[in-house]
Amino acid sequence: MAKNSQLQRLKSKLKENGLHGVRYASKKSKQRAKLSSKEDDGREEKIQEIRDSMNMFDKTVKSHKKANILANANTNSNSKTTDKRQLEYEAKLMSYNVNKANLNKNNTFKDNRFGERGFSGLSEEEKTLERYKLEQIKQFEEQQHELSQDYTSMKGGRKAKKSLYNLEDDAEEEDSGMFKLTHAGHSLFDDDEYEQIIQARNKRNRDDLEKQDGDMEDGVPRKKTKKEVMQEIIAKSKMYKQERQEKQNTMNEQILDLDEDFDDLLAELKTTEKESIKQKKENAGSESKLENNIEFNDYDSKVKTFQFDKRAQPQDRVLSEKELLEKEEEEAKKLEKEREMRMRGIFNLDNEDEERLDIEKLDEGFWNDESDEDKEGEDADVPDSDNDIIFDEDTEKNKKSKENVEDIATFECPSTHKQFLTLLNDYPIEEHVSVVKKIISSHQPKLAEGNNLKLENFTKVIFQHLQFLVDTMKEEEEIELLDQFVDIFVKLIAKYNNRLIDFLRMNIQSLQEKFEQKHESIVKPSTILFFSLVGFVYSTSDHYHLIVTPSLILINEFLEQLQFDSLVNNKFGCMLLEINNKYQNLSKRYAPESLFFVVKSLDYYISDKVKLVKDVEYEQLSIRKLNDKTTNSTNVLKNLLFNITQSLNMIWDEKTAVNEIIDIVKPRLFKLQRKYGNVESVKDQIISIIESMDTIVSNNLHHPLILQNHRLISIPLVTPKFDDNFNPDKRYNNDISPQQNEINRLKKQVHKESKFQLKQFRKDSKFTQDLRTKEMIADKQAYHDKMKRIVNVINTEEGSERNMYEKEKKMRQGKK
Amino acid sequence: MNNFREEIDTYYKSIIEGGTKNYNNVLKLTKLYENYNNDLTQITDDNEEVLSNIRYLTHVLFKIYYKLATKLQLNPSMATNDKESILYKWLRKTYDINFKNKILIFYIENLEQENSFSLDCLDFFMKCIELEATFFASKMGAAYFPNKTMQKLIVALFKESKFDKSYLVKEFTETYYKKYADVQFYFQVEYQSLTESIETNLIPRNSVYNAGYWFALTNHDSNYDDNDSDLNIFVSNPPTLMENEFKFKKAFEQNWLFNLSNSLISDEQFKSILTILHKRVIPRLQQPTKLLDFLTDCYDNSNDLAVQLLALNGLFNLMHKYNLEYPNFYYKLYALFTEDLLHLKYRSRFIRLIDLFLRSTHLSINLVASFIKRMSRLLLTASPGAIVSILPLIYNLLKLHPNCMIMIHDPEYVPKNYALFDKVKDKKFMDPYDENEQDPELSDAINSSLWEIDTLMSHYHPNVASLSKIFKQPFRKLNYNLEDFLDWNYKTLLEHELKRKVKISPSLDFDVKTKGEKLFKKNEDADGTETYLNTINW
C-alpha cells in the first residue's frame with residue numbers, strides 16, 4: 001500500500017471522485033451548486049461509498065462462505081412493509097424448512113461463535129470486539145501452557161503444541177487454509193502499516209507511540225475514534241507478543257548454548273577428578289576406565305549427602321560488658337514496649353493467633369510423646385539451659401553445707417500436699433527449703449521423662465504449702481523461709497506458666513465459692529498471699545489478663561460485699577486496697593469498689609463503734625496477725641489513710657472525676673479529723689491528705705467533657721425540584737429515589753419486552769403450527785386421493801368386467 | 001374410746017328414732033364437750049384419740065341437726081301450731097348457741113396450735129351455712145343467704161387473738177373464698193358492715209395478724225368481679241342482691257383501706273402488698289386514687305428503700321392510669337438515689353422501674369439531667385454489675401433527650417473552636433451541679449458534665465471500660481435493651497472470665513524496676529531491695 005495514513009488515503013479517494021478541493025469561487029457558483037442539488041444524491045452515495053471503504057473495521061470481508069441460514073432470518077431489509085412481511089414470511093418459512101430438515105439429524109451446522117446463538121442484543125461491532133477479546137484470552141492461555149511445556153521439555157526444541165495464532169509458525173502454515181485474522185480482507189500479518197509501526201517502535205520508546213501516531217496522522221492531536229483505538233490495541237498486543245517471543249527465543253538459545261557448553265564443563269571436571277584418581281591409582285595400582293564412571297556417580301551422591309549435612313554455624317560472640325548492658329537495656333525496652341501495648345489492650349491479632357497456634361502445637365507435641373521433647377526444641381537437653389531451675393549461688397552453697405540432706409536419689413517428687421508434709425516431717429524446719437530444692441534439682445526436666453509433669457504438679461504442691469504455711473505459721477522469724485518458698489514458686493510458675501492457668505483459675509473459683517457460702521471465711525492470710533503472689537508474678541497492667549482480671553474481680557467483690565464493721569475486716573480491706581493499688585501501679589485503672597471501701601471504712605471509724613485509742617507508732621500491717629482481734633485500731637486507721645493517700649496520688653489524681661471523688665471522701669475526712677483531733681499523728685495525716693486534695697482541686701481546670709468531638713457528618717440537603725410541566729393530575733411519587741425510579745423504569749421495560757417476546761413466540765409457534773397442519777392436510781389429502789384413485793380404478797375395472805359379464809350372460813341367455 | 005362412741009351412737013339413735021321426747025339428749029351430747037374444754041391444750045394433732053373422739057362427736061351432732069333441719073324442725077317459721085313453734089324455737093336455740101357458738105366458733109377461736117380439728121370446725125361451719133341457706137329461708141325455696149352466720153365466722157377469724165390463725169384463713173381462702181362468688185360477696189359486704197359498726201369493735205383496726213390474713217385472702221386472681229374468672233355458687237339459691245357488683249367493689253375498697261390503715265403492718269408485708277397492688281388491687285377498686293394517702297404514708301414512714309420505691313411505683317401507676325396529680329413524684333424519686341441504692345440486692349428491679357419512670361419524653365431537661373448526673377455520681381462507688389446496667393440507661397436517656405448531650409460534650413471546650421475556646425481555655429470550670437439540692441429541677445445538673453463516666457473508661461474490668469466508651473463513640477445505636485445488662489454480678493462476671501479460652505499465656509511481670517523485690521520484707525536489707533507491698537508485712 002502506497003499511502004500510509006488513513007487521511008492520506010481518504011484525500012486521494014476524494015480527489016479521485018472529484019469531491020475534494022471543490023471550492024465555490026463566488027456566490028453565483030454557490031447558487032449554482034445549490035440548484036444542482038439533484039446531483040447531491042449521487043454525491044452522497046459516492047461519499048457513503050468512500051466512507052464505507054475507509055472504515056475497514058465495519059466491514060467484514062468473508063474469506064469463505066458462512067452457512068448463514070440463521071443470520072438471514074434475522075436480517076432486516078429496508079423495503080416497504082408488504083415486502084417486509086413477505087420477506088419475513090419467507091425467512092420464517094426457510095428457517096422452518098431448515099429446522100425440519102435438520103430434525104433428528106446429528107450433522108447439523110451449529111454456529112458456536114459468541115453472540116451468534118440466541119438473543120444477544122449486541123451490535124455487530126460489539127460482537128466482533130467481544131470475540132476478539134475471547135480469542136486473545138484463549139491465545140494467551142495457550143501460550144502460557146506452551147511456555148510451561150517448553151520449559152519442561154527443554155531439549156525437545158520443538159513445541160509440543162502449536163498455537164493457532166503463533167506468529168512464528170504462521171509463515172509455514174499460511175497455505176494450510178487455516179482461519180486467520182484479517183483486516184479489510186488482507187491478512188493482518190503482511191500488513192505494511194503494521195510493519196511500519198513495528199519498525200517505528202523499535203526506533204523509539206514505547207511511550208512515544210501515541211505521539212507518533214498523532215504525528216503520522218496530522219500533527220494535530222485529536223480524540224481517537226473507536227476504530228483507531230481498536231487498531232492500536234491490536235497493534236500493541238501484537239508488539240508485546242512479539243517481544244515475548246523474542247525473549248523466549250533468546251532464552252531458548254541461551255539454554256541450548258549452555259547445554260552444549262555443559263559437556264565441556266563436564267570434561268573439565270572429569271579431568272580434574274581423574275588427576276586425583278590417578279594419584280590414588282598410582283597408590284592402589286591400575287584400575288579400569290569403568291571406575292571413573294563409578295567415581296563420578298559417587299560425586300553426585302556425595303553432593304547430595306553434603307547438602308543434608310549440618311553447616312558450620314558462627315559461634316555466639318563473647319560480648320563485652322558494655323554490650324551486655326546495652327543488650328539488657330534493649331531487651332528491657334522491648335519488654336516495656338510490649339507491656340505498654342498489652343496495657344492499652346492492643347494485641348496484634350495475627351501475631352496472637354500465630355502465637356496461640358504455636359502454644360497449642362507445642363502442647364500437643366509435649367503431651368503426646370514426651371520422649372521426643374529434646375527434639376521439640378522447647379526443652380533442649382543442654383545443661384544450664386534456660387529451662388532448668390537454677391537458684392542463686394549463695395543458696396546453692398547453703399545447700400551444700402547442710403549435710404543432712406544429701407542423697408538426691410532418695411527424694412520422690414511428692415504429688416500431693418499431704419505427701420509433701422509427711423516428707424517434710426522428717427526434717428527440721430530450716431531445711432525445708434533445701435529439701436524442696438533437692439527435689440527440684442533431682443527432677444530437672446533433662447534428667448528423665450515425665451519430670452516436667454512432676455515438677456508442674458510439684459508447683460501446685462508448693463503453692464498449697466505456701467498457703468498452708470501462711471495460715472498456720474505465727475513466728476516472726478519464719479519470714480525468710482516464706483520468702484524462699486515464694487522465690488521457688490515464682491521460678492516454677494514462670495516456667496510452667498501455661499499449664500498452671502487452670503490451677504490458678506480453680507483457686508480463684510474456690511475462693512469465690514467460699515466467699516459466697518460465708519463472707520468471713522476468706523478473711524485469711526492465705527487470701528492476701530494469693531493476691532499478692534498474682535500481682536508479684538504477673539504483669540498486672542495488662543488490659544486483659546487471664547489471671548489478673550479474675551483476681552481483680554474477686555478483690556473488688558470482697559471490697560464491695562464484706563461488711564466493714566469489724567477491725568479485722570477493715571484490716572483485710574486495707575490490705576486488699578493496697579494490693580489493688582499495687583496492681584494499678586502502672587495502668588492506673590479505676591476501681592469504684594476501692595472508693596466504696598474507703599467510704600465505708602471511714603464511716604466505720606467515724607461511727608461510735610471505734611473508740612479512740614492512744615496514739616501509737618506507725619507500723620505495717622501484719623499478715624500473720626490478720627485475725628488477731630487485739631490490733632490497735634489507730635494503726636489500722638493510719639494504714640488506711642496511707643492507702644488513701646496512695647490511691648489519691650496514684651490513681652484518682654489522673655481521673656477527670658477527681659473532684660467528684662474528693663467530694664465524696666473529703667467531708668468524711670473532716671468528720672474524722674474532728675473525732676481524732678487529739679491524736680496528733682492521725683490528725684496530721686488527715687490534714688496532709690486534705691491539703692493534697694485541695695491542691696489537686698485547685699490545679700484541676702475541670703473542663704467539661706468533649707467526648708463527642710467527632711468529625712462532623714454532612715447531612716444530605718435535598719432541595720425541592722421544580723418541575724416546569726407540573727401536572728396536578730399526574731401522580732408524582734417523590735418518595736422514591738432516582739435509583740429506584742430507574743429501577744422501576746427498567747422493570748417496566750423488561751416487562752414490555754418480555755411481553756413482546758412472548759407475542760413473538762406465539763406468532764412463531766402459530767406459524768409453524770399452521771404450516772404443520774397444512775402439511776398434514778396435504779398429506780391426508782394425498783392419501784385420500786390416492787385411495788380414491790385406486791378405488792376408482794378398481795371400480796372401473798370391476799365395473800367393466802361386470803358389464804362384460806352381464807353382456808356375456810345376456811348374450812348366452814339370448815343364445816339359449 | 002369405744003364406750004364413748006357407743007354412748008354417742010345411742011344418743012344419736014334415740015334422737016333420730018325416738019322422736020321429740022328424746023330431743024333433750026342433744027344437750028347431753030353437747031355436755032360431753034366439757035371434758036375437753038377443761039384443757040384445750042390436749043386437742044392437738046398428736047393426741048389422736050381425743051381428736052378422733054371429738055371429731056366423731058361433732059360429726060354426729062351435725063348429722064343430728066342436719067336431720068332435724070331436713071324435717072324443717074329448726075325453722076320456727078315453719079311451725080304449724082304453738083307447740084311445734086315452741087319446740088322448733090328451742091331446737092333452733094340449741095343449734096345456734098350450743099352447737100354453732102359454743103362448739104364450732106369456740107374451737108375455731110380458741111385452739112392455739114394449728115390442728116386439724118379447728119379446720120374441721122371450719123368445714124362444719126360452712127356446711128351449716130349451706131344448711132341454713134336451704135332450710136332457714138322464710139319460705140321453702142326462697143332465696144336466702146345466712147349473712148349473720150357469715151358475720152360470726154368473720155368475727156371468729158379476725159377477732160383480736162393471741163395466736164396466729166393464718167392456717168384457718170388460708171384453708172378458708174383456698175376451699176371457699178376463692179371458689180364461690182357468693183361467699184366472696186357476702187364476706188366483703190359483711191366485713192365492711194362489721195368494720196363500720198361503731199358500737200362493737202369486733203374487728204380491731206390495728207392488729208398484728210389481720211393484715212396477713214387479709215393479704216392471704218385477697219392475693220389471688222379469681223375474684224367475684226373478674227369477667228374471666230369461673231366461680232361457682234356455694235349456696236343453692238342466693239339472693240339477687242349478689243349481682244350488685246358496685247356494692248361488692250365498694251365493700252372491697254373500704255375493706256382494703258381499712259386494712260391498709262393498720263399501723264402494725266410490717267415492712268415485709270408492705271412490700272408484698274405493694275407488689276400486688278397494681279395488679280390485684282387497683283383494678284378492683286372503685287376509686288383507686290384513694291390509695292394516694294396510703295402510698296405516700298408508705299413512702300414517708302419507711303426507711304426501706306425497696307418499700308419506698310414500690311410505693312412510688314404504685315403512685316406512678318395511679319398517675320399513669322388514673323390521672324392522679326402528684327407533683328412531688330420525681331422529687332421523691334430523686335431522693336431515693338442515695339449512696340446505697342446501687343448496692344442493694346434488688347438493684348435490677350430498681351433500675352427497671354427507674355427506666356420506666358424516666359421514659360417519658362415530656363420530662364424537663366433539668367430533671368433528666370439531674371437524674372443522669374446523680375446516677376453517674378453513684379457509679380463512682382458502684383459494682384461492675386451496677387455500672388453495666390446504669391450506663392445503657394444513661395445512654396438511652398441521652399438518646400431520648402438529646403439536649404442533655406451537652407453533659408458529655410460541651411462544644412465551647414472543643415479546642416478547634418478557637419474563639420470560644422480561647423475564652424475558657426485557662427479558666428477553671430466551676431461545677432454548677434449542687435449535690436445537696438433536693439429538687440431535681442433546681443440542681444443545675446444540665447450545666448455540669450459527666451466526668452464520672454469518663455473516669456469509668458479506665459475501669460479495671462476491660463469490658464466495663466469498653467462499655468463506658470460508648471459515650472465516646474458516635475451515638476449511632478437507637479437504644480440499648482436494658483434487660484441484656486441487668487443480670488450481671490460478680491459471680492457471672494467471674495464465671496465469664498474463667499470460661500475464657502486460653503489463647504495466649506498470661507504475661508509475666510518483667511518490669512525492671514521491680515526486679516529483685518521480695519514479697520515480704522527481709523529485715524532491713526542492706527542493698528535496699530524493696531518489698532512488693534508497702535503497708536503489709538509478715
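The model shown is predicted, which means the values in this text are computed figures rather than measured ones. Below, read A as the first sequence line, B as the second, and so on, with proteins coming before strands; counting in each chain starts at 1.
Between chain A and the residues Met405(B), Glu339(B), Met457(B), Glu495(B), the most heavy-atom pairs under 4.5 angstrom are made by Glu339(B). Here Thr455(B) is the residue among Val414(B), Thr455(B), Leu450(B) with the most heavy-atom pairs under 4.5 Å with chain A. Of the residues considered (Asn489(B), Leu494(B), Asn463(B), Ile406(B)), Leu494(B) shows the highest number of contacts with chain A, using heavy-atom pairs under 4.5 Å. For chain B, the option among Asn556(A), Leu552(A), Thr549(A) with the highest count of heavy-atom pairs below 4.5 Å is Asn556(A).
Side-chain contact between Asn580(A) and Phe597(A) is absent, with no heavy-atom pair separated by less than 4.5 Å.
A side-chain donor-acceptor contact under 3.5 Å links Tyr460(B) and Glu593(A). A donor-acceptor contact closer than 3.5 angstrom links the side chains of Lys655(A) and Ser458(B).
Heavy atoms of Gln584(A) lying under 4.5 Å from chain B belong exclusively to its side chain. Contacts of Glu516(A) with chain B are made by side-chain atoms alone, with heavy-atom separations under 4.5 Å and no backbone atom involved. Heavy atoms closer than 4.5 Å to chain B are found in the side chain of Lys600(A), but not in its backbone. Proximity to chain B is absent for every atom of Glu328(A), based on heavy atoms less than 4.5 angstrom apart. At a 4.5 Å heavy-atom cutoff, Lys469(B) makes no contact with chain A through either its backbone or its side chain. Phe475(B) touches chain A through backbone and side chain together, each having a heavy atom under 4.5 Å away. If you measure heavy-atom distances from Leu504(A) to chain B, you find no contacts under 4.5 Å at all. Contact annotation for Val599(A): only side-chain heavy atoms (C-beta onward) come within less than 4.5 Å of a heavy atom of chain B. Heavy-atom distances place no part of Glu412(B) under 4.5 Å from chain A, backbone and side chain included.
Checked against a 6.0 Å centroid threshold, the rings of Phe596(A) and His343(B) count as neighbours.
Residues Thr338(B) and Ala335(B) share a closest heavy-atom pair of CG2-O, 3.6 Å. Nearest heavy atoms, Leu577(A) versus Val598(A): CD2-CG2, 4.0 Å.
Within the model, atoms CG of Asp663(A) and CZ of Arg377(B) stand 5.5 Å from one another, a figure rounded to the nearest 0.5 Å.
Dense packing is recorded around NZ of Lys399(B), with more than 12 heavy atoms of other residues, nucleotides or ligands lying under 6.0 Å away. Within a 6.0 Å radius of NZ in Lys428(B), more than 12 heavy atoms belonging to other residues, nucleotides or ligands are found.
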